[in-house]
Student: 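Handing you a structure now.
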Amino acid sequence: MENTPSSIPEKLLKPYNPTEEESVIYKKWEESGYFTPENMIKDGLTKPDAEPFTIVLPPPNVTGVLHMGHAMMITVEDILIRYKRMRGFRTLWLPGTDHAAIATQSKVEKEIQKKEGKSRFDLGRDELLSRVNAFAQDSHDTIVNQMKVMGASCDWTREAFTLDEVRTKAVRTVFKKMYDDGLIYRGHKIVNWDPKGQTTISDDEIVYEPRKATMYTFKYSKDFPIAISTTRPETKVGDVAVAVHPDDARYAEFVGKTYTVEDFCGVPLTIKVIADQAVEKDFGTGALGVTPAHSITDWEIADRHDLPRPQVINEYAKMTVGDDRLLGKKVLDARETIVTWLKEQGLVENEEVLEQNVGTAERTGGIIEPLPKLQWFIDVNKQFTLQHSDINTIPSGSQTTLKEIMRATVGTGQIDIIPDYFTKTYFHWIDNLRDWCISRQIWYGHRIPVWYKGDEIYTGIEAPDGDEWKQDEDTLDTWFSSGMWTFSTLGWPEQTEDFKIYHPTSVLETGYDILFPWVARMILMTGYNLGTIPFKQVYLHGLVRDPQGRKMSKSLGNAMDPLDIAAKYGTDAGRIALVVGTTPGTDSKISEDKIKGYKLFANKLWNVSRFVLTNYSPEAAAASYTASDEGVLNAWHTEIAAITSAIDTFKLHVAAESIYHFIWDTFANGILEDSKPLLANEDAAIKLSRQKLLLTLLSESVTVLHPFMPFVTEAIWDVLPIDNKNLLMVQAWPTN
RNA sequence: GCGCGGUUAGCUCAGAUGGUUAGAGCGCAGCAUUGACAUUGCUGAGGUCACAGGUUCGAUUCCUGUAUCGCGCACCA
């Protein structure tokens, strides 16, 4: 084994140094142009008629830096993409970023408030937008850099942004179409108002937090016949009715009667007693004070009983009625005032502390105040005609609803969710889905493409002629634009080649936490606009947690930066550590120890390469295998088949572990050790056969490992004595 | 309240459409080695597969129930 070390590249004589290799390798990949599928075809690496495989990157929010959750997403997608590319598919991974409307604006607002003590209203619309745009650009650059460090093999020539020109056109086109179909309407309805962010938010943007609250049981006045219970006495100045259950004998005699309360802490009330199914007999007194303007349930009750809906709280969560005891007071102060007044009047019958869920806005933390407002909505239950449809149970030209589209695509298996138990959760969500409020009172985002002139309303792609037209001040929910991401990124509404070739996409890979806000919305938008599905398979990864199982966050100080991991252990180690031992849909814990283990693995493979190359001689290329070497090779090929099928069925953890096990235990500890005497054998046939075998096993191992650990494998491939080789990234997947 | 998921080695987790001795990584114990190896290799200890019923020739795996942890949705007067 005193072979010529001179034929061995210098770097292979030292331990593997990821930082030295990685950036150089990424540059090579990028310069090859092979992230772009058309270049693969041009160079004969992909057949022109190859089946497309498309993933559109879930666009990271331009709110800062990528975290380990993103790292998981990028790793899984890059594994699938690299694998499919090597399998000969016309493979496109289309990157982009999301303007993320509220998330980004509120982040910038917070910073400005902190540094300059100014609100967005102090700055004005234009100034705020220029600040947000600058921040977003910065954030974007950071994110792109991080993705490159992670080895993402996406086609940067096609990069998209949810707020750029092409996407704006898509948004306006869709808005107009839905408006014309009557699916988008403007209505005065009760919405979730965030007093802190000064905007409406959708049901999906509410985070419920358990808090202690005091529930007071009292009567409106001495002579009122029924006691009610509430945790929000301040809203009671907006009551118009008391609702009881229709079967409740206790109150049957009062139903239908109307009572006048002359003075409820300075406010006169007219209360009608009604019977409604929504009331629970056993909760509290079994009687519910109905406040239509400030409770979603009560709003619905008011619908059924045709009740008035006086608003008593404004957008700043302050009281708008009463005398100086209440008027202009914040809700919490008003609550105290009313409780004190109730006690003075001797009206309180009971007080009880209980835990209740308080709705807060996920981005600002503000307590949600339900308020009636004039807003834009998408009607999810309205019938419309779907002109063209590829959706299984909805024929072209038939009547359907958005809810039905969401159900049909998944229910018939046209879209496959992995893991499949999320299918049930998905249907459950659809069942509870209400009309989607899409207007936001923030400035960063797609401005609603509606113009007003007196009583006239205009909707279109461009502003109508004439200075008198004024555009709606509001912007669209960010999910409205990300809902059309699979086709807006491909150039729709133009009928581009890209759109024709790559849509519907193949796999949508994302965290299960955005199944509802995003995945469902994409299905809705695509079904409505194109009559088809946005993707065939949905792969939901779990959340990445710290070793104690906690969510990673800056405030806990347990967040890991993918860049730090790359610098310390190499990108490859971080990538495979995120995959091994994790299953789709299940949260996983990541520790530095785990990542460190895979750094050792990269080094192990490096050392295997050194051994193989040191013992290789060029004559081996033409050698034929001995029977036993043939057997070893066949066993490995059987294993490759198993690994291949594991990847095909999204069992990436199984595939990764099998390769790891093969390389370390079977190859390094077994075959390599057995080779030592064979390589010293007198018989050249035996010796050369074994040399050839080792090189073949090594080259095929790095090929199969490549999607998981792209850098170290490419670095090794680069020094293998193989004729006419291209980049490993475009090497054909071994199939036997 | 409705629904979903977990409970497997000290720790973190895989896995089996029901069938010999249930796996990995880390950790632990013992031995070996300076080599292709920032060491690594070999050997080993360690498990009533949460609990209770049921189906079955056979259940950790399937079914029912219980406990417990986590999550989602709804309610939240």
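Everything numeric here is computed off the predicted structure, so don't read it as measured data.
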Student: By the 4.0 Å heavy-atom rule, please label A:T217 as base, sugar-phosphate, or nothing.
Tutor: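 Contact class for A:T217: none.
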Student: Could you check which of B:C76, B:C75, B:A36 has an atom nearest any side-chain atom of A:A668?
Tutor: B:A36
Student: Compare the minimum distances between each of B:G3, B:G25, B:A74 and the side chain of A:Y660, then state the nucleotide with the smallest one.
Tutor: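 Per side-chain heavy atoms of A:Y660, the pick is B:G25.
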Student: How many Å lie between CG on A:D593 and P on B:C11, as a whole number?
Tutor: 16 Å
Student: Under 4.0 Å, counting only non-hydrogen atoms across every strand here, what does A:T297 touch: a base, just sugar-phosphate, or nothing?
Tutor: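 Sugar-phosphate: the residue A:T297, judged by heavy atoms under 4.0 Å, touches backbone atoms but no base.
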Student: Identify whether any heavy atom of A:G289 sits under 4.0 Å from a base atom; if not, whether one sits that close to sugar-phosphate; answer base, sugar-phosphate or nothing.
Tutor: nothing
Student: For the side chain of A:N357, starting at C-beta, report the closest nucleotide among B:A38, B:C76, B:G25.
Tutor: B:C76
Student: Who does B:G18 pair with, Watson-Crick or G-U, both distances under 3.5 Å?
Tutor: none
Student: Nearest whole angstrom, please: distance from the C1' of B:U40 to the CZ of A:F611.
Tutor: 14 Å
Student: Does the structure show a Watson-Crick or G-U wobble partner for B:A52, both distances under 3.5 Å? Name it, or say none.
Tutor: B:U64
Student: Of all the choices, B:A38, B:C75, B:G41, which nucleotide is nearest to the side chain of A:W664 once you look at every atom?
Tutor: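 Nucleotide nearest to A:W664's side chain: B:G41.
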Student: Could you let me know what B:G5 is paired to, Watson-Crick or G-U wobble, both distances under 3.5 Å, or none if it's on its own?
Tutor: B:C69
Student: From C-beta outward on A:E657, which listed nucleotide comes closest to its side chain: B:A14, B:U40, B:C75?
Tutor: B:A14
Student: Counting only Watson-Crick pairs (N1-N3 plus N6-O4 or O6-N4) and G-U wobbles (N1-O2, O6-N3), all under 3.5 Å, who is the partner of B:C75?
Tutor: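 For B:C75, the partner nucleotide comes out as none, under the 3.5 Å rule.
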Student: What's A:Y208 touching, base or sugar-phosphate or nothing? Going by heavy atoms closer than 4.0 Å.
Tutor: base
Student: Can you tell me which nucleotide in B:A14, B:C2, B:U40 comes closest to the side chain of A:T583?
Tutor: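 Between B:A14, B:C2, B:U40, the one nearest the side chain of A:T583 would be B:A14.
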Student: By nearest atom, which of the nucleotides B:G15, B:G72, B:A36 is closest to the A:T425 side chain?
Tutor: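 Among the listed nucleotides, the one closest to the side chain of A:T425 is B:G72.
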Student: The side chain of A:T586 lies closest to which of these nucleotides: B:A14, B:A38, B:A36?
Tutor: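 So the nucleotide nearest the side chain must be B:A14.
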Student: What integer distance in Å separates A:R545:CZ from B:G5:C1'?
Tutor: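 Computing the A:R545:CZ to B:G5:C1' distance gives 13 Å.
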Student: With a 4.0 Å cut-off on heavy atoms, is A:L672 in touch with a base, just the backbone sugar-phosphate, or nothing at all?
Tutor: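 If one applies the 4.0 Å heavy-atom cut-off, A:L672 turns out to touch a base.
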Student: Both distances under 3.5 Å, Watson-Crick or G-U wobble: report the partner of B:A32, or none.
Tutor: B:U40
Student: With a 3.5 Å limit on both atom pairs, tell me what B:C13 is paired to, counting Watson-Crick and G-U wobble, or say none.
Tutor: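 Partner of B:C13: B:G23.
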Student: Has the side chain of A:N432 got a donor or acceptor atom sitting under 3.5 Å from an opposite partner on the base of B:A74?
Tutor: no
Student: Measure the acute angle between the ring planes of A:F516 and A:W429, then classify it against the limits of 30° and 60° as parallel, tilted or perpendicular.
Tutor: parallel
Student: Would you say that A:Y220 contacts A:L269 through its side chain, given a criterion of any heavy-atom pair below 4.5 Å between the two side chains?
Tutor: yes
Student: Base, sugar-phosphate, or nothing: which does A:K604 touch, judged by heavy atoms less than 4.0 Å apart?
Tutor: base
Student: Scan A:E673 against the nucleic acid and name what it touches under 4.0 Å (heavy atoms): base, sugar-phosphate only, or nothing.
Tutor: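 Base contact.
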Student: What closest approach, in Å, do A:I722 and A:S699 show between heavy atoms, and which atom pair accounts for it?
Tutor: CD1-CB, 3.9 Å
Student: Using a 4.0 Å heavy-atom cut-off, does A:K599 contact any base of the nucleic acid, only the sugar-phosphate backbone, or nothing at all?
Tutor: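 Counting heavy atoms under 4.0 Å across all strands, the contact made by A:K599 includes a base.
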Student: Base, sugar-phosphate or nothing for A:A213? Non-hydrogen atoms, less than 4.0 Å.
Tutor: nothing
Student: With no hydrogens and no angle check, just 3.5 Å: does a side-chain donor-acceptor pair link A:D204 and A:W479?
Tutor: no
Student: Will you find, in the side chains of A:Y569 and A:E592, an N or O donor that is under 3.5 Å from an N or O acceptor?
Tutor: yes
Student: Tell me the partner of B:G58, counting only Watson-Crick (N1-N3 plus N6-O4 or O6-N4) or G-U wobble (N1-O2 and O6-N3) with both under 3.5 Å; none if nothing fits.
Tutor: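 Checking every strand shown, B:G58 finds no partner, since no pair has both distances under 3.5 Å.
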Student: Could you tell me whether A:V279 contacts a base, only the sugar-phosphate backbone, or nothing, with contacts defined as non-hydrogen atoms closer than 4.0 Å?
Tutor: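 Base, at least one base atom sits under 4.0 Å.
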Student: To the nearest Å, how far apart are A:D203 CG and B:A74 C1'?
Tutor: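 It is 11 Å, rounded to the nearest whole Å.
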Student: Sort out the partner of B:G46 for me: Watson-Crick or G-U wobble, both distances under 3.5 Å, none otherwise.
Tutor: none
Student: Distance alone, cut at 3.5 Å: any donor-acceptor contact between the side chains of A:E205 and A:S202?
Tutor: yes
Student: Nearest-nucleotide wise, let me know which of A:T230 and A:F422 is further upstream toward the 5' end of RNA chain B.
Tutor: A:F422
Student: Between A:H653 and A:N17, just flag the one whose closest nucleotide in RNA chain B comes earlier from the 5' side.
Tutor: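 The residue mapped nearer the 5' terminus is A:H653.
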Student: In whole angstroms, how far is the C1' atom of B:C75 from the CD1 atom of A:I301?
Tutor: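 Atom CD1 in A:I301 sits about 13 Å away from atom C1' in B:C75.
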Student: NA contact type, A:Y16, heavy-atom cut-off 4.0 Å: base, sugar-phosphate, or nothing?
Tutor: base
Student: Of the nucleotides B:A36, B:C4, B:G72, which one has an atom closest to the side chain of A:Y421?
Tutor: B:C4
Student: Which atom pair, heavy atoms only, marks the closest approach of A:P292 to A:P308?
Tutor: CG-O, 3.4 Å
Student: For A:E355 and A:K212, what are the C-alpha separation, side-chain angles and deciding distance, and is it a salt bridge (charged side-chain N to carboxylate O under 4.0 Å, His left out)?
Tutor: CA-CA 4 Å; A:E355 187 130 299; A:K212 290 249 187 294; 3.2 Å; yes
